[in-house]
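For reference, the structure is listed below as structure tokens.
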Amino acid sequence: YDTAHALTGAYAPAAVTGLIYDGTEKTGVAAATGYTVADGKKTAAGEYIAFANLSSGYIWSDGTTASKQVAWSIAKASVTAPADAGSKVYTGNTLTADVDCTGKPYTVTTNNGGKAVGNYDVVLTLTDPANYKWSDSTEATKTLTFTITKADNAWTTEPKIDGVTYGTAISPVSAAKFGDVTVTYFGTGDTAYESTEAPTNAGTYKATFSVTATDDYGALTKDVTFTITKKSIEGADVVYDTEKTYNGEEQTFGVTSVTIDGLTATFDVSGNKATDYKDGGYTLTITGNGNFTGTITKNFAIAKKSIE
């Protein structure tokens, strides 16, 4: 009968160690002269049993002829998760993290973000947990932190108030990137005033434009000076006593009203007293005061008294 040939130098085929999944086929137990191997090549990560089967005319070096079972494995590939999900500066709109999963064996499964300054969860999930594991050897989801940080504020429209003349309302102009602008008014110099209501009287003023800081954005403040000038009474309509009859006593010629552009002026009167008739009459002077300025002269007369 034929004599079987013993395998030299090995009692059984040895498994290749240190194999790690990379998407390509791996040989864990290789065939050699005298035997073939079944289940010695795989692609996916896992624990395997290969079967070494003798070729015709061979026996194992230990004298047996049965198939040899060889355990071997392909380890899962290790994936390192990002340390965090980054940060963005507050905008007032909903912000979410930008996590690049291109070519990575994981995907973002939670990324709701938010509007307010703070920390938000971003959850990563392995797309192929059968062949991948996280670098800490876990396979569960990874929760990262996405941060919205406080924003610096800025004027989008610089605060401004143009000076006006009494009787015309001031028009403050301003706009901030974040928040509502409030304006507080203060008198300057000889003008006494402090209010959030815009002043109307003639004078010099300072307006403080401000935005209060919040957890989401910073504060803003800026001072603007402006002047409300007095209204000139020149060209005003005047109602006054134009003529009185001589009565032997000094008479006062009153000024009932001075109006201009719908405004009733305040004023002082001088030279409005007379006793005797005078050729050409007299002249009185009206001088604006308070919120008004300028002078107006008006003629008046004392008429001769009839002796009839």
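Because the structure is predicted, anything quoted here is derived from the model rather than measured.
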Where [X] and [Y] come nearest, the two heavy atoms and their spacing:
X: I161; Y: A207; answer: CD1-CB, 3.6 Å
X: I74; Y: A44; answer: CD1-O, 3.4 Å
X: A219; Y: N153; answer: O-CB, 4.3 Å
X: N53; Y: A38; answer: ND2-CB, 4.4 Å
X: A15; Y: A71; answer: CB-O, 3.4 Å
X: A236; Y: I296; answer: CB-CD1, 3.9 Å

- Message: Could you tell me if K206 sits above the aromatic ring of F186, with its cationic atom closer than 6.0 Å to the ring centre and no more than 45 degrees from the axis?
- Response: yes
Under 3.5 Å donor-acceptor, [X] side chain and [Y] backbone:
X: N111; Y: A97; answer: yes
X: T80; Y: S135; answer: no
X: D216; Y: A116; answer: no
X: W60; Y: A66; answer: yes
X: K150; Y: T214; answer: yes
X: N247; Y: E249; answer: yes
X: D39; Y: A50; answer: no
X: K26; Y: K41; answer: no
X: T191; Y: T204; answer: yes
X: T91; Y: N93; answer: yes

- Task: Show your reasoning for whether side-chain contact (heavy atoms from CB on, under 4.5 Å) applies to V89 and Y217.
- Result: CA-CA 9 Å; V89 178; Y217 51 81; over 6 Å; no
- Taking it one step at a time, do V99 and V122 satisfy side-chain contact (heavy atoms from CB on, under 4.5 Å)? CA-CA 9 Å; V99 181; V122 175; 4.2 Å; yes
In the structure I gave you, are the side-chain heavy atoms of [X] and [Y] within less than 4.5 Å of one another anywhere?
X: T242; Y: F253; value: no
X: T147; Y: T149; value: yes
X: V255; Y: N272; value: no
X: L124; Y: V108; value: yes
X: D237; Y: V239; value: no
X: W134; Y: S78; value: no
X: K230; Y: N291; value: no
X: L144; Y: Y120; value: no

- Go through the steps for Y205 and Y185 under the test ring-ring contact (aromatic ring centres under 6.0 Å, His included), then give the verdict. CA-CA 7 Å; Y205 298 91; Y185 301 93; 7.8 Å; no
How long is the gap from [atom1] on [X] to [atom2] on [Y], to the nearest 0.5 Å?
X: F146; Y: T96; atom1: CZ; atom2: OG1; answer: 6.5 Å
X: E139; Y: K133; atom1: CD; atom2: NZ; answer: 8.5 Å
X: Y132; Y: L126; atom1: OH; atom2: CG; answer: 10.0 Å
X: K177; Y: T156; atom1: NZ; atom2: OG1; answer: 9.5 Å
X: I302; Y: Y277; atom1: CD1; atom2: OH; answer: 11.0 Å
X: D241; Y: E243; atom1: CG; atom2: CD; answer: 11.0 Å

Electrostatic pair [X]:[Y] at N-O distance under 4.0 angstrom:
X: K104; Y: D100; answer: no
X: D98; Y: K88; answer: yes
X: K142; Y: D136; answer: yes
X: D62; Y: K68; answer: yes

- Task: Would you mind telling me which of T293, D261, T165 makes a side-chain hydrogen bond (donor to acceptor under 3.5 Å, both in side chains) with K231?
- Result: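 For K231, the side-chain hydrogen bond (donor to acceptor under 3.5 Å, both in side chains) test succeeds with only one of T293, D261, T165, which is D261.
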Has [X] got more than 12 heavy atoms of other residues, nucleotides or ligands less than 6.0 Å from its [atom1]?
X: K305; atom1: NZ; answer: no
X: D276; atom1: CG; answer: yes
X: E250; atom1: CD; answer: yes

- Message: Assess the residue pair Y240 and I286 against the criterion (side-chain contact (heavy atoms from CB on, under 4.5 Å)); give the C-alpha distance rounded to whole Å, side-chain angles, the decisive distance to 0.1 Å, and a yes or no.
- Response: CA-CA 11 Å; Y240 71 105; I286 301 169; 5.8 Å; no
Say whether [X] and [Y], considering side chains only, have a donor N or O and an acceptor N or O under 3.5 Å apart.
X: T143; Y: D121; result: no
X: N299; Y: T283; result: yes
X: T208; Y: D223; result: yes
X: S210; Y: T182; result: yes
X: T145; Y: D84; result: no

- Task: Give a yes or no on whether L95 and V123 share a hydrophobic cluster (residues Ile, Leu, Val, Met, Phe, Trp, Tyr; joining criterion: side-chain heavy atoms under 4.5 Å apart).
- Result: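 Shared cluster, no.
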- Linking I/L/V/M/F/W/Y whenever any side-chain heavy atoms sit under 4.5 Å apart, do V37 and F51 land together? no
- Message: For a side-chain contact (heavy atoms from CB on, under 4.5 Å) check, start with the C-alpha distance between Y106 and V79, then their side-chain angles and the critical distance, and finish with the verdict.
- Response: CA-CA 9 Å; Y106 54 79; V79 180; 3.7 Å; yes
- Message: With a 6.0 Å cut-off on the ring centroids, do Y90 and F178 count as close?
- Response: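 Yes, close enough.
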- Ring centroid separation for F292 and F267, is it under 6.0 angstrom? no
- Any pair counted as salt bridge (Lys or Arg N to Asp or Glu O under 4.0 Å), so long as it reaches residues 162-176, sequence neighbours left out: K160-D162
